[in-house]
Amino acid sequence: MAEALSQPVSFYQAKTGLFSWIFSTDHKRIGLLYFYAIISFFLVAMSLGFLMRLELIAPGETIMDAKTYNQVFTLHGVIMIFLFLIPSVPAFFGNFLLPLMIGTDDVAFPKLNLFSWWLYVLGGIFALLTLVVGNGPADTGWTFYAPYSVKTGTNVTMAVLAAFILGFSSILTGLNFIVTIHRLRAPKMKWFQMPLFAWALYATAWIQLLATPVIGITLLMIIAERVFGVGLFDPALGGDPILYQHLFWIYSHPAVYIMVLPAMGLISEMIPTFAKRTIFGYKAIAYSSLAIAFIGYFVWGHHMFTSGMSGPARVIFSVLTFLVAVPSAIKVFNWVATLYKGSINVKTPLLFSLAFIFQFLLGGLTGLVIGALATDIHLHDTYFVVGHFHYVMFGGAGFAFFGALHYWYGKIWGKMYNESTAQIAFWLMFIGFNVLYFPMLVLGIMGMPRRYYDYLEDFTTLNVVSTVGSWILISGIILMIYNLIVSRKKGEAAPRNPWGSTTLEWQTPSPPPLHNFDATPVVPEGNPYDHKQNKSE
Amino acid sequence: MANFVLANSGHNRDDEASKFGMWLFLFTELLLFGGLFLVYTIYRYLNSEAFLHASYELNVIMGTVNTVVLLTSSLTVALSITALQKGHVKLTMWLLVATILFALTFLVIKYFEWSAKFEHGLFPGMDHYEHLPAGEKMFFFLYFFMTGLHGLHVIVGGVLLGFVMRDIKKKKTTPDNYVYLENGGLYWHLVDIIWIFLFPLFYLIH
Amino acid sequence: MFSNASNFVQGVDTSFAIILGASLFFLVGITGVMVYFVVRYNKNKHPEAQDVHENKKLEITWTVIPTILVLVMFYFGWTGYEPMRKIPEEGIKVKAHAQMWSWQFEYENGKYSDTLVVPKDEAVILDLISRDVVHSLYIPAFRIKEDVVPGVNNKMWFIGQELGKYNIFCAEFCGDLHSKMLSSVHVIAPEEYNVWYNDTTQPEIHPGLVVLKKNACVSCHSLDGTRIVGPSFKGIWGHEVEVITNGEERTVMVDEDYVKRSIYDPNADVVKGFNPGLMIPYQNLVTEEEVNEIIDYLKTLK
Amino acid sequence: MADNTNSRHLPGDPKEHHIVPYKFHIGIWVGLIILTIMTVLVSVMGISLVAFSVITAMIIASAKAVVVANYFMHLKYENKLITWLMGVTLLLFVVFISFTAFDYITR
Ligand code: HEA
Ligand code: HEA
Ligand code: CUA
Ligand SMILES: [Cu+2]
């Protein structure tokens, strides 16, 4: 860089004190606020997952009773989806990185951004309050299917209210990103010079904006139904439970792409860096994000193949479901092609990216299995589905998140993590993950239904294997967290661009100064991943 | 530290961005009501007779008057923007006062309508309501839910315009910088548009 | 190659095998290529990267081929599924009653059974009926499943083609004991079935207990004092219980009035420590006569 | 946001702020009122075919909405992008309703 100044004051030092954080309008601080909140919830939900695996280690009651188990998996699902996966990548990485990547100093509406974080916290508090207020946390599953969710005595109202508030937070984040991308790109950055992560966020933001209101109103209806005792979805009072399912999945299917699209964006950033060459098919990846977002709106019915939906509707939803696999396929092929003739530097972020590709592939392909009518009739609501979604959500989006955490660790915290510990943690996690979830796919084919707290003897062996897998996974996760915490103090100072990456966020010091750049960032000409222009190590 | 400002700073004034943001927000509002319209459509399809029958309970005259009131308030907001653009600050204020008065009129009329329904015991939980056939119950519940949510939006819109008036008073919103007024107006028009659909769906099924 | 337990197994398993085959091909292929690239182009072996931006032909190929493939997959999924929707006119009609948390099968001659008994090689048509929440009738061995939605008239059908006993699960989450909502299908020889079907003599049990079983009361109320989700019936007759009426606690005697109210309007007096809303009002489902039989029976449960 | 720096201007933004004359707005309003009266009349005059009246009522309502959006909300004078995105939103809305309705109609 031409005008390298002396190391400027980082955004951490610019202001200090608790209030300088929780009332900050700086996108980097808000991103970090999200990070700490999200990680706390994530740990809670993971511990719940761990408890479920313990309960399932043997048939019959092991460590908790049926009702507790039901509440545990509901809370696990609600936290994982609404409090971890939906906000994780956009609200943390998106907030921190988007303005840096497009070379501006903040998002379009900084105050609104802070407000979204507060809403997130409020929603989280409500979700946790269900533990102590009323008759305990909801026991409906994260899907809140009526009429059970209307009848049960547990505190569904508050859980639903929490989800409603979180939805609002998600909408405002999406709105902010869309306007930011439209208006605040660096003057020379054209649309097709944006990093692919920005493209992914852009596509995601549209889903957040245009799908979330539907769940908002649906949840309000559930609350109204519980409070006024009317029969919106309760057939005893003239309602139709299937209509609820339509409304729920109109949002919740697109929502799965809110979870995975930004994660795919992270992968598109990491792979070219570690392959030391430009990404293959930049435009195809950018367009396929939009395509996934768009087609993703038309397939919600695949969650309802056995619900009593009409035959023709099932057929149409099945075709459309298959079509949504094509843009995902395009992405996968492009990532793999990016490795071709590269000069590959195998570091932890790349390992996580490769694991992402493998696991997302497995998750996506099992998605095809349940997208087909005949097979879904058999596999719906079995452990096969549980396996499918953990593969895409945890093995996919979750692993991308962890990889990105290592990749941008230096940029965010100014220190480098310890590489060899990180790799050990990675292998533990990778092995543990597959031992944990692969047996679930088999269990599903054998016919074990999900949300079962007790199961028949036949299913025991595989459940034990799965539980053991969870222990391996945990040791990996704990090691990873340990490494990241320790490196924060003991790690080496991070240079501006430790990996030789090409996007704008690497042109500024690590961590960046308050207004992001100490000199006007230089937008590379043409493709943003062109390693020929940027040889500095 | 040299505190230099990027040309494309998130801290700069950008009216187009504010308006764009407002439009995006309106899209979400549209889909929020969209969910309710979906429920309405399906239940109307399943219970068309009952909906038809129940709709006779609603007062077309009050509904029509309210439609006219809202349309007129939309006009006054639209005029107020023109007024501010032309620099007629006083006139702007009066037009906004008129708008808020129309909003209140709308709410008062709604209040009378709702209390009439309450007197007939048509609110969920009340006697008459509980004895209605399922389809009619659905109609009344949706009526209360949708017009209630809409009413809430009328209140929010009114308050928003109130804040804009304060801004004009404080000279924060001026003939050169009136994006807040525009955004307040946009919100207000959306409230109007939603009513444009609610009105025939509930009052004019006959 | 496959089992032949029902007439759908072939179709479902064929489409499963086809999709699985294609998926395995891609999984192994892509992972293999990926690992190969990582090894082959490792920076030690291949220090100088070569930029390859795009290749239109390749990209079109890998868009078109998967599109065709997924449509093929869809097609097989569809053909495997189609027969499930073609419910024949003729067949043994059984009403499957799902309720929290048990199954009851009602035959045309009024016979009730808690397992589904069917003759081999005959079409069985199930009417799926729920009074409370959504359940789902799942017979893994037959590859069939359909939700039992209250207020919606769902149906399913099958032909049992191999003698034997197969599991029935409830596959839609329906509350506390969802995982205990099990039953089974017995596919028996037609002659045996006729005997079974025509044997409508009630077993020698108390008529009150028959009512309790038929309405699945016993899936929530035990007869031996254990607590399930509702209070056990053992020894409640003539004793006092603490209930909550309109938010106020009071003590009532379990007598005829109380039992009747508890059945017809269970949420009026909610037994302390239990959840309201779980038990549905049985106003139209249990006759006065039957209530009296229940009471008779409760008296015997000391 | 209200910094004293100059307002940002991107290609595609409307060049000048369009000032709509008072009279024009009033004209629009008269049109809206006429449309309102029309729907009420169609309904109250008792054209009894339910479907017919629903469809006419919806057509008139949509016409009113378009007028409000285009003129009162200045959509016509804004960046075309907003109109396009509005179209996408409405398309999705139509998809939600029509797909769901399709399920019910074909049951
Ligand atoms: C991150 C989240 C995520 C993602 C990305 C996906 C992606 C997909 N999902 Fe998944 N899904 C969930 C999360 C997700 N899902 C969740 C949470 C549930 C359960 C909800 C609940 O009930 O609680 C669920 C349930 C679910 C069901 C309902 C199952 C049931 O309940 O019966 C179905 C059915 O069609 C389905 C299908 C798919 C498909 C086809 C994709 C596709 O997008 C996958 C596309 C990807 C690929 C296919 C891989 C890459 C492709 C190639 C490399 C090309 C080679 C292949 C060919 C094209 C031939 N999913
Ligand atoms: C991102 C999403 C995500 C993630 C990461 C996970 C992670 C895990 N989940 Fe999952 N899960 C869901 C989303 C997710 N889950 C959803 C949406 C459902 C559906 C819910 C429903 O049906 O409604 C579900 C359901 C579900 C089930 C099915 C329940 C049933 O149907 O009966 C099971 C069963 O085994 C399970 C297990 C696990 C396990 C063992 C983990 C493990 O990976 C967790 C391993 C990690 C740890 C155990 C944590 C290690 C950390 C610590 C020990 C903390 C230390 C503490 C401090 C430092 C404070 N989950
Ligand atoms: Cu019945 Cu689950
Ligand atoms: Cu889905």
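Just so it is clear, the model here is predicted, and its values are computed rather than measured. Lettering follows sequence order; numbering is per chain, from 1.
The greatest number of non-hydrogen atom pairs below 4.5 Å with chain A, out of C:Ile144, C:Asn44, C:Asn42, is found for C:Asn42. Interface summary for chain C: among A:Tyr282, A:Phe333, A:Phe358, the most heavy-atom pairs under 4.5 angstrom belong to A:Phe333. Note on C:Tyr81, C:Tyr36, C:Tyr41: by heavy-atom pairs under 4.5 Å with chain A, the leading option is C:Tyr41. In terms of non-hydrogen atom pairs under 4.5 Å with chain A, the most contact-rich of C:Lys145, C:Arg131, C:His46 is C:Lys145. Among the candidates C:Val35, C:Val33, C:Asn55, C:Leu177, the residue making the largest number of heavy-atom pairs closer than 4.5 Å to chain A is C:Asn55. Across A:Asp376, A:Val369, A:Val319, A:Leu350, the residue that shares the most heavy-atom pairs under 4.5 angstrom with chain C is A:Val319. In terms of heavy-atom pairs under 4.5 angstrom with chain C, the leader among A:Pro147, A:Ala66, A:Ala275, A:Pro272 is A:Pro147. Note: A:Thr278 leads A:Leu368, A:Thr278, A:Ile357 in heavy-atom pairs under 4.5 Å with chain C. Comparing A:Thr321, A:Val150, A:Leu362, A:Val315 by how many heavy-atom pairs each has under 4.5 Å with chain C, the most go to A:Val315. Comparing C:Thr67, C:Leu71, C:Ile139 by how many heavy-atom pairs each has under 4.5 Å with chain A, the most go to C:Thr67. Interface remark: of the candidates A:Ser288, A:Ala372, A:Pro241, A:Pro241 forms the most heavy-atom pairs closer than 4.5 Å to chain C. Contact count versus chain A (heavy atoms, under 4.5 Å) is highest, among C:Lys56, C:Glu59, C:Arg85, for C:Glu59.
Within 6.0 Å of NZ in C:Lys95 there are 12 or fewer heavy atoms belonging to other residues, nucleotides or ligands.
Residues C:Tyr75 and C:Ile18 are not in side-chain contact: their nearest non-hydrogen atoms beyond the backbone lie 4.5 Å or more apart. You'll find the side chain of C:Cys174 reaches within 4.5 Å of the side chain of C:Met181, heavy atoms only. Within the 4.5 Å cutoff, side-chain heavy atoms of C:His221 are placed close to those of C:Pro231. Looking at heavy atoms from C-beta onward, A:Tyr383 lies out of side-chain contact with A:Phe459 at the 4.5 angstrom threshold. Residues C:Phe158 and C:Asn7 form a side-chain contact, since some pair of their non-hydrogen atoms from C-beta on lies under 4.5 Å apart. Within the 4.5 Å cutoff, side-chain heavy atoms of A:Asn70 are placed close to those of C:Asp176.
Atom CZ of A:Phe274 sits about 9.5 Å away from atom CG of A:Leu351, to the nearest 0.5 Å.
Across all their heavy atoms, A:Gly447 and C:Tyr138 have their closest contact at CA-OH, 3.3 Å.
Residue contact with chain C, scored on non-hydrogen atoms closer than 4.5 Å, involves the side chain of A:Arg314 exclusively. Proximity to chain A (any heavy atom under 4.5 Å) is shown, for C:Glu82, by neither the backbone nor the side chain. Within the 4.5 angstrom heavy-atom criterion, only side-chain atoms of A:Phe73, from C-beta onward, approach chain C. Neither the backbone nor the side chain of C:Met156 has a heavy atom closer than 4.5 Å to any heavy atom of chain A. Both the backbone and the side chain of A:Val336 come within contact range of chain C, judged by heavy atoms closer than 4.5 Å. Residue C:Lys180 touches chain A through its side chain alone, counting heavy-atom pairs closer than 4.5 Å. Residue contact with chain C, scored on non-hydrogen atoms closer than 4.5 Å, involves the backbone and the side chain of A:Asn334 alike. Interface residue C:Val12: backbone and side-chain heavy atoms are both found under 4.5 Å from chain A. Contact annotation for C:Leu69: neither backbone nor side-chain heavy atoms come within less than 4.5 Å of a heavy atom of chain A. Both the backbone and the side chain of C:Phe26 come within less than 4.5 Å of a heavy atom in chain A. For A:Met448, no part lies near chain C; criterion is any non-hydrogen pair under 4.5 Å. The parts of C:Phe16 that come within reach of chain A are both its backbone and its side chain, each placing non-hydrogen atoms under 4.5 angstrom from that chain. Both the backbone and the side chain of C:Val38 come within contact range of chain A, each with at least one heavy atom under 4.5 Å from a heavy atom of that chain. The contact between C:Leu58 and chain A is made entirely by side chain atoms (from C-beta outward), counting heavy-atom distances below 4.5 Å.
Remark: aromatic rings of A:Phe248 and A:Trp142 are close, center separation under 6.0 Å. A distance of 6.0 Å or more separates the ring centres of A:Tyr145 and C:Phe173. Between A:Phe280 and A:Tyr529, the gap from one ring centroid to the other reaches at least 6.0 Å.
For A:Tyr453 (side chain) and A:Glu55 (main-chain N/O), no donor-acceptor pair under 3.5 Å exists by modelled atom type.
Ring-plane geometry between A:Phe356 and A:Phe360 is classed as parallel, the angle between the planes falling under 30 degrees on a 0 to 90 degree scale with a further cut at 60. Taking the six-membered ring where tryptophan is involved, the planes of A:Phe322 and C:Phe74 are perpendicular, since the angle between them exceeds 60° and thus also 30°.
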